[in-house]
Amino acid sequence: MANPKKILNDPKKVVAEMIDGLVLANDGRVRKLPDHAAIVRTDLPDSKVALLIGGGSGHEPLFHGFVGRNMGDGAACGQVFAAPAPDIIYEAAKAVHRGKGILFLYGNYAGDNMNFDIAAEMLEDDGIDVRTVRVTDDVAAAPPERTHDRRGIAGDIYMIKIVGGAASELDTLDEVERVARKAVANVRSIGVAVAAGSIPETGKLTFELADDEIEIGMGAHGEAGVARQKMKSADAVADELLQKLLSDLPFKAGDEVALLINNLGATTMMEMLIVNRRIRQILEREGIKVHRSDVGTWLTVQEMAGFSVTLMRLDDELKHYLDMPAESLGYSRM
Amino acid sequence: MANPKKILNDPKKVVAEMIDGLVLANDGRVRKLPDHAAIVRTDLPDSKVALLIGGGSGHEPLFHGFVGRNMGDGAACGQVFAAPAPDIIYEAAKAVHRGKGILFLYGNYAGDNMNFDIAAEMLEDDGIDVRTVRVTDDVAAAPPERTHDRRGIAGDIYMIKIVGGAASELDTLDEVERVARKAVANVRSIGVAVAAGSIPETGKLTFELADDEIEIGMGAHGEAGVARQKMKSADAVADELLQKLLSDLPFKAGDEVALLINNLGATTMMEMLIVNRRIRQILEREGIKVHRSDVGTWLTVQEMAGFSVTLMRLDDELKHYLDMPAESLGYSRM
Amino acid sequence: MADTLDLKASTDMLRTVSRSVIDQTDVLTDADLAIGDGDHGIGMRRGFEGALESLDATPPDSIENALKAVGTAILSKTGGAAGAIFGTLFRAGSKPLAGRDRLDGEGFAAFLETGLEAVLKRGGVTEGQKTMIDAIAPAARAARTSSGEGLPATVAAAAAASLEGVEATKNMIATTGKARSLGERSLGHPDPGAISVSLILKAMQDFTAKA
Amino acid sequence: MADTLDLKASTDMLRTVSRSVIDQTDVLTDADLAIGDGDHGIGMRRGFEGALESLDATPPDSIENALKAVGTAILSKTGGAAGAIFGTLFRAGSKPLAGRDRLDGEGFAAFLETGLEAVLKRGGVTEGQKTMIDAIAPAARAARTSSGEGLPATVAAAAAASLEGVEATKNMIATTGKARSLGERSLGHPDPGAISVSLILKAMQDFTAKA
Ligand SMILES: Nc1ncnc2c1ncn2[C@@H]1O[C@H](COP(=O)(O)OP(=O)(O)O)[C@@H](O)[C@H]1O
Ligand SMILES: Nc1ncnc2c1ncn2[C@@H]1O[C@H](COP(=O)(O)OP(=O)(O)O)[C@@H](O)[C@H]1O
Ligand SMILES: [Mg+2]
Ligand SMILES: [Mg+2]
Ligand SMILES: [Mg+2]
Ligand SMILES: [Mg+2]
């Protein structure tokens, strides 16, 4: 297996250098906390419910590239594929807090859960109201009766978009939390991997796949999926992913959904658009209406090749927040 | 060299299926012409100067993903890495024309030039005013005294953004052409490749690089660059690219620029942000002010790994058009 | 070995040419991989598949229109530089055949000459820049010289000249197209478009030799 | 072989432990590559490098604070699951040492027990789920049983029990953490965090045996 080939300086410093570059790429819209790997909006209104996002680095532009107007107010950044430490989360939370409480929104992983929980306890000691909503969209990770055991993958993108909008418009933490819980209850994703990514500091690919193999349900750090298979056609892959997604919520005729196809890193947009074509044929056949589509590169796993498909069932309220304009390095909409 | 591993159906049908998927991903904002591989806005105002873009496919989201409000009005799509045929361009042009003439904006390649020229002659026979501006930003392709021999690479992105804005606001083809010529005179790019991409139908990588080699100045179809080198640090790569860019226009102290870093396909955003950090250090040292940054994936070369750096010198007029809101599948800004 | 071809035979020749280029897809792609972007073979295949379809769908009513139909198919199906160039070659080259119901040596030479002229104008390059022109220009000259010796001899002379032209492109440094930036690295490799010219003429030579 | 360690020796032991885990970065990373995301080694290295820095920058004034400083460094430098878990282990585990100026067998057993309790609470998992708990829990029990036999024997018993725990994780199917989705595919592989526990205890054993 060939060595991952990357243009880097010191592999031990990738996160620090990446964050510096990210702040500069934001043209003044965000800043880094002086002593912590956290990103905070510079244009935070004086009073709002705060939305803090975050997680391990290496998934750029998620999470720290999703800080901005109607998106996250701040992000706590861990090392590559490692949840941020409690002190980073704590300081980021203090920096975004505007007196109306803070929603923690992040993917459901043991590391993130524990580190964010420790920070939440520290903040509660300070008298700050913190609520936590964990994204659990990966249907490959656990059966439907154990959604609390599911990983957060590309559903993060719609979650941040919706909760970012809600946290701009709604006045109380209760209300923002309510919208976030509704959104997470209605979002489902599943991925497929074609080739592995690597962690810069180890220089090692996180898994191995034969030249003719794919893995359905691969997680966002190379965690095992549900099935390793021989390479098959785009239509066959789309059919399998959609079958697993649709039967899960389940999505049914008459539902309105948002559809997101996320590049895990090195897959071509051509492939994703070809897959999109098939997905739309299936949804049409099932009587499911697509309110909105997003096809692009948001939650990456370094140079992993593959993609995931996310469906979120919408009502008028979720549509409203999903369709709000938003601005951030990694995701902007008019 | 391992075989390119892609999730596709029939490799001969990639462009047709990609276009179907692309139209669906636009949620009604664009349509495909019934008999031609061309994309046209569905919400075109009744009267405006028309902007037609286009080129070979395989570079998604460019070009056909750049059709939308304040972006291209339509795009003519060729096969993978092959300029669109004149009849596609002709039909796309007819579909976007709103009585005020058409600007053709595309990258400077023999194939594009000839096919667009043939179409322009056909349109002139019909009495339609057509102007052509070719993007020639790749400093690796020819020395400064022969800019007309230079290839168009990621400068396309800023060109479409600016000319798309100008074509929405300005009333005459003359004026839009003037802005486009000013913009192209002020934009410079250079790329670096780390690994090759492949054409789906041939399944062959378009060039070979040793495991420890990079190529500075690689073109957007794998055309040779200016130097093949041993892998070096991100800072050293940035230094070399910037040296070649800055000395070319030349950019000098006091200039205000837009800075765009474009992923050729499989490079991580982490790498690009680390490079961005160094580029900003250099620009700061040179007294060049960055008005606006863009770091992302827009002009790809299938699964090629590498990136390019684009600088555009701005005046107030160019800033105005660059900063306008815009909406398209591949590029949106609030 | 007939000295001239009628409409039916001319059309059959174009069919044979099409199939023969399609058969060589990989050769052309590999040539383009070496100094271009690796799509010349599949581009020419698209064009000549289109030509076959067109000739079958609407059997041409004149030799001029048979050549033009091939050019139109290439122009609209191949894309890229080759689509414009080879499309132009056949479309413009068809014009001197207007009103003629047999293809003879003189008509064939006129086809190449007129096509070449249009191609030179369209592409803005001259001989020596390592393009298909370096195969088609010597072919046109050779055809003119032998145009009095009957169609088979004319075509054979053109084919032979084009092959020499292909060889000659190996010693040229590309100054246009995708190979341009290779500079000296393009030395030793033949030009893909020139190879296409030689394949087309070779197929015509084989056909006229047997017809 | 001293039966107890004073503050200086305890601090030296923690330095030795840190260096020893740092030395095993690749072993831990490879273990995590097999069933996790491949970052456990570099995470533990970050944490224990931070511990060394902290112990050097602010020499601790009590055994309790020495253990706490290590935990705090791990908590803020390691990140991920291991940062929270091993940070909690050392920070919570330091509490029973409050006011004691020597580390003895009983104190060591209390360190493991109290740390374990906090880790169980923090992580919400129990024995048998293929985590570091399957190394630390038997170690704590073994330490308690031998706690009357002097520090070296207590630590040795804990280290041996943790190694058996690592072995036992090979036969467990992960039901938590990144390895969970592997299901049966996790069989045969030891848990990376459990290996870390055994490395830490082994380094303590070697140190106390010589001290
Ligand atoms: N300006 C030109 N004039 C004549 N022939 C040209 C010109 N540009 C390119 N060609 C021919 O086209 C061939 C390349 O064709 P092809 O690979 O199909 O197109 P592209 O370069 O667009 O990928 C070259 O080998 C050359 O012979
Ligand atoms: N809930 C938990 N309770 C106790 N230990 C855990 C828990 N989750 C994970 N671990 C331990 O953490 C180890 C993984 O650490 P590491 O790889 O550094 O973190 P991450 O899983 O975040 O990448 C596992 O091998 C396991 O021993
Ligand atoms: Mg991790
Ligand atoms: Mg081409
Ligand atoms: Mg080519
Ligand atoms: Mg791990």
Side-chain angles (χ1 to χ4, degrees), chain B residues 11-12 15 36-37 55-58 76-91 109-119 121 138 140-142 146 149-151 196-208 217-226 228 301, chain C residues 25-26 28-30 32-47 49-50 71-89 91-92 118-119 121-125 129 131-133 174-186 189 193:
Chain B
K12 281 193 174 190
V15 172
H36 290 89
S57 292
C77 319
Q79 288 293 318
V80 177
F81 300 172
D87 53 342
I88 301 174
I89 302 167
Y90 175 79
E91 294 298 335
Y109 295 91
D112 294 274
N113 298 351
M114 293 188 280
N115 285 285
F116 274 94
D117 280 354
I118 294 171
E121 290 159 18
D138 188 351
R146 294 216 327 271
D149 271 349
R150 288 181 170 176
R151 307 177 285 235
S198 66
I199 299 181
E201 196 174 336
T202 66
K204 292 178 182 174
L205 293 170
T206 58
F207 57 88
E208 295 193 26
M218 182 70 71
H221 314 86
E223 300 96 333
V226 287
R228 199 160 275 211
V301 189
Chain C
T25 302
D26 288 348
L28 298 174
T29 290
D30 288 344
D32 198 32
L33 273 174
I35 59 169
D37 57 356
D39 64 349
H40 187 58
I42 54 176
M44 293 302 275
R45 179 170 68 193
R46 279 194 305 268
E49 280 174 355
T72 302
I74 294 174
L75 193 64
S76 84
K77 299 288 182 225
T78 296
I85 288 295
F86 285 89
T88 298
L89 175 70
R91 280 170 59 94
V119 163
K121 220 168 125 196
R122 175 58 64 205
V125 304
Q129 291 189 264
T131 68
M132 58 82 83
I133 298 208
T175 56
T176 184
K178 294 210 161 90
R180 187 184 57 214
S181 44
L182 278 171
E184 310 231 322
R185 284 197 261 171
S186 68
H189 299 282

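Order of the sequence lines fixes the chain letters, A, B, ..., with proteins taken first and strands second; residue numbering starts at 1 for each chain. Just the heavy atoms: all of them, side chains too, but no hydrogens, waters or symmetry mates, feed the values below.
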Worksheet item: Would you say S181(C)'s side chain and A224(B)'s backbone share a donor-acceptor pair under 3.5 angstrom?
Response: yes
Worksheet item: Which distance, rounded to the nearest 0.5 Å, do you find between the OG1 of T202(B) and the CG of L28(C)?
Response: 13.0 Å
Worksheet entry | Pairs of heavy atoms under 4.5 Å with chain C: top-ranked of P86(B), A142(B), A110(B), G222(B) | P86(B)
Worksheet item: With respect to chain C, which residue among A83(B), G78(B), G56(B) yields the maximal number of heavy-atom pairs within a distance under 4.5 Å?
Response: A83(B)
Fill in: Residue among I42(C), L182(C), D26(C), I74(C) with most heavy-atom pairs under 4.5 Å to chain B
I42(C)
Discussion item. How long is the straight-line distance from CZ of F81(B) back to CG of D37(C), given to the nearest 0.5 Å?
Written reply: 7.0 Å
Discussion item. For D32(C), which atoms come within 4.5 Å of any heavy atom of chain B: side chain, backbone, both, or neither?
Written reply: neither
Worksheet item: Which atom pair, heavy atoms only, marks the closest approach of A82(B) to R46(C)?
Response: CB-NH2, 3.9 Å
Worksheet item: Relative to chain B, which segment of T175(C) carries a heavy atom at a distance below 4.5 Å: side chain, backbone, both, or neither?
Response: neither
Item to complete: Mind checking the CG-CD spacing from D39(C) to E201(B)? Nearest 0.5 Å is all I need.
Response: 9.5 Å
Response to the item:
The interface call for D117(B) against chain C, heavy-atom contacts under 4.5 Å, is both
Item to complete: Tell me, out of G183(C), A84(C), G79(C), G36(C), who's got the most heavy-atom pairs with chain B below 4.5 Å.
Response: A84(C)
Worksheet item: chain C heavy atoms under 4.5 Å from D149(B): which part of the residue, side chain, backbone, both or neither?
Response: both
Worksheet item: Relative to chain B, which segment of R122(C) carries a heavy atom at a distance below 4.5 Å: side chain, backbone, both, or neither?
Response: both
Discussion item. To the nearest 0.5 Å, what is the distance between CD1 on I88(B) and NZ on K77(C)?
Written reply: 8.0 Å
Discussion item. Under 4.5 Å from any heavy atom of chain B, what part of S76(C) do you find: side chain, backbone, both or neither?
Written reply: both
Fill in: Spacing of K121(C) atom NZ and M114(B) atom CE [to the nearest 0.5 Å]
14.5 Å
Practice prompt. Sort out for me which of I118(B), T206(B), V226(B), D87(B) touches chain C most, counting heavy-atom pairs under 4.5 Å.
Written response: I118(B)
Discussion item. If we ignore hydrogens and angles and just use 3.5 Å, is the side chain of N115(B) paired with the main-chain N or O of G80(C) as donor and acceptor?
Written reply: yes
Worksheet item: To the nearest 0.5 Å, what is the distance between OG1 (T29(C)) and CD1 (I199(B))?
Response: 7.5 Å
